[in-house]
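This is a predicted model, so every value here is computed, not measured.
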Amino acid sequence: MPISRVSRPKHFLVCEPRHFAVQYAINPWMHEDAQVDVDLARGQWAELIRAYRAHGHTVDSVEPVAGLPDMVFAANSALVVQGRVFGSLFHAPQRRPESTAYETWFKNAGFDVQHPESVCEGEGDLVPVGPYILAGTGFRTTPEAHREVQEFFGVPTIGLQLVDPYFYHMDTALFVLDDGRDGPEANIAYYPEAFSPGSREVLGRLFPDAVIATRQDAMAFGLNSVSDGRHVFISPRAEALSDQLTRHGYVPVPVDLSELHKAGGGIKCCTQEIRS
């Protein structure tokens, strides 16, 4: 019999894809000649925001900046833990101005922002779960940034090696089902082959009951999902993963962000969590 799951209200920061486009290629999903329907992208994004609010979550928004087409991917802007903000330093020069726009929002909201010295792409590669921060590297965020994160937050930070360029950020290959702060033990869902053999062993030791996704579901952005402990906001194309989650007592909430997939992002990419 499935476990009875309990949702927890969360606070999210997002950015409307008003200026969304694919103007450069910095991951395998992006093609400079891709035609983008901005109205469709905005409509799909608006459905995500409606879904969050309908399930009791607080959503704040950063004003989009013209000329920054990837600013919609708010998760890459920072990591926020216990009200402390560790900012971003993007690998791609085209995205570096986004850091300033998000920093301005955080400062206006009363937060101090720690500047990374090494390349660090926020929640794209940094995932708090239980007593740890899981930290991806291989394509974007550097191991040096992992050390900075551990020193700043004082939280054990576990480096994990990404090996498949389609999963260039860890949040495309892994997401938190339960963070372990209240109630159920911390747990995750992930696609093992996105990680090096040693990193797979680490994840297997830390999360022996993890939900394991197929490549098909991972390529459908099924792991670029957001969970509130009960509801999982997930790509509708990740059907097998949704079925698994249902068997484990979670409630999938399908949200189609297929237009944003053209830039390599999905639900979690669009969602920065502000942890107080």
Original post:
Do E121 side-chain atoms and R140 backbone N/O form a donor-acceptor pair below 3.5 Å?
Top reply: no
Original post:
For S7, does its backbone N or O pair with a side-chain atom of D228 as donor and acceptor, under 3.5 Å?
Top reply: no
Can you tell me how far apart [atom1] ([X]) and [atom2] ([Y]) are? Round to the nearest 0.5 Å.
X    : Y    : atom1 : atom2 : result
C120 : E148 : SG    : CD    : 7.5 Å
R18  : E63  : CZ    : CD    : 4.5 Å
R237 : Q216 : CZ    : CD    : 9.0 Å
I188 : D179 : CD1   : CG    : 13.0 Å
S196 : L160 : OG    : CG    : 7.5 Å
L174 : D125 : CG    : CG    : 11.0 Å

Would you say the side chain of [Y] lies within less than 4.5 Å of the side chain of [X], judging by non-hydrogen atoms?
X    : Y    : value
V72  : E16  : no
L245 : I234 : yes
L79  : P128 : yes
S225 : F233 : no

Note: [X]-[Y] ion pair, threshold 4.0 Å (strictly below):
X    : Y    : value
D112 : R84  : no
D164 : R215 : yes
R147 : E151 : no
E259 : R42  : no

Going by atom types only, do [X] and [Y] share a side-chain donor-acceptor pair under 3.5 Å?
X    : Y    : answer
E273 : H11  : no
N76  : R95  : yes
Q44  : S258 : yes

According to ring pair (Phe, Tyr, Trp, His ring centres under 6.0 Å), does anything in [range] pair up with another residue at least two apart or in another chain? List the pairs.
range            : value
residues 205-225 : W29-F221, F221-H261
residues 126-147 : none
residues 79-99   : F86-F152

**OP:** Heavy atoms only: give me the nearest P69-G67 pair and the separation to one decimal.
**Re:** CD-O, 3.3 Å
Original post:
Minimum heavy-atom separation for P192 to A213, with atom names?
Top reply: CD-O, 4.1 Å
**OP:** Begin from the C-alpha positions of T271 and Y52 and carry the test side-chain hydrogen bond (donor to acceptor under 3.5 Å, both in side chains) through to its verdict.
**Re:** CA-CA 10 Å; T271 311; Y52 283 154; 2.8 Å; yes
Subject >> Side-chain cluster (under 4.5 Å, hydrophobic types only) that V163 belongs to, other residues >> reply: none
Contacts under 3.5 angstrom, residues 19-26 side chains, donor-acceptor by atom type, not counting sequence neighbours:
from, atom 1, to, atom 2, distance (Å)
Y24, OH, D70, OD2, 2.9

**OP:** Take S88 and E98 through the test side-chain hydrogen bond (donor to acceptor under 3.5 Å, both in side chains) and record every step on the way to the result.
**Re:** CA-CA 9 Å; S88 58; E98 294 177 36; over 6 Å; no
Original post:
Under a single-linkage definition using a 4.5 Å side-chain heavy-atom cutoff for Ile, Leu, Val, Met, Phe, Trp and Tyr, are F73 and L162 assigned to the same hydrophobic cluster?
Top reply: no
Subject >> Residue pairs fulfilling side-chain hydrogen bond (donor to acceptor under 3.5 Å, both in side chains) with at least one residue in residues 200-213, sequence neighbours excluded >> reply: none
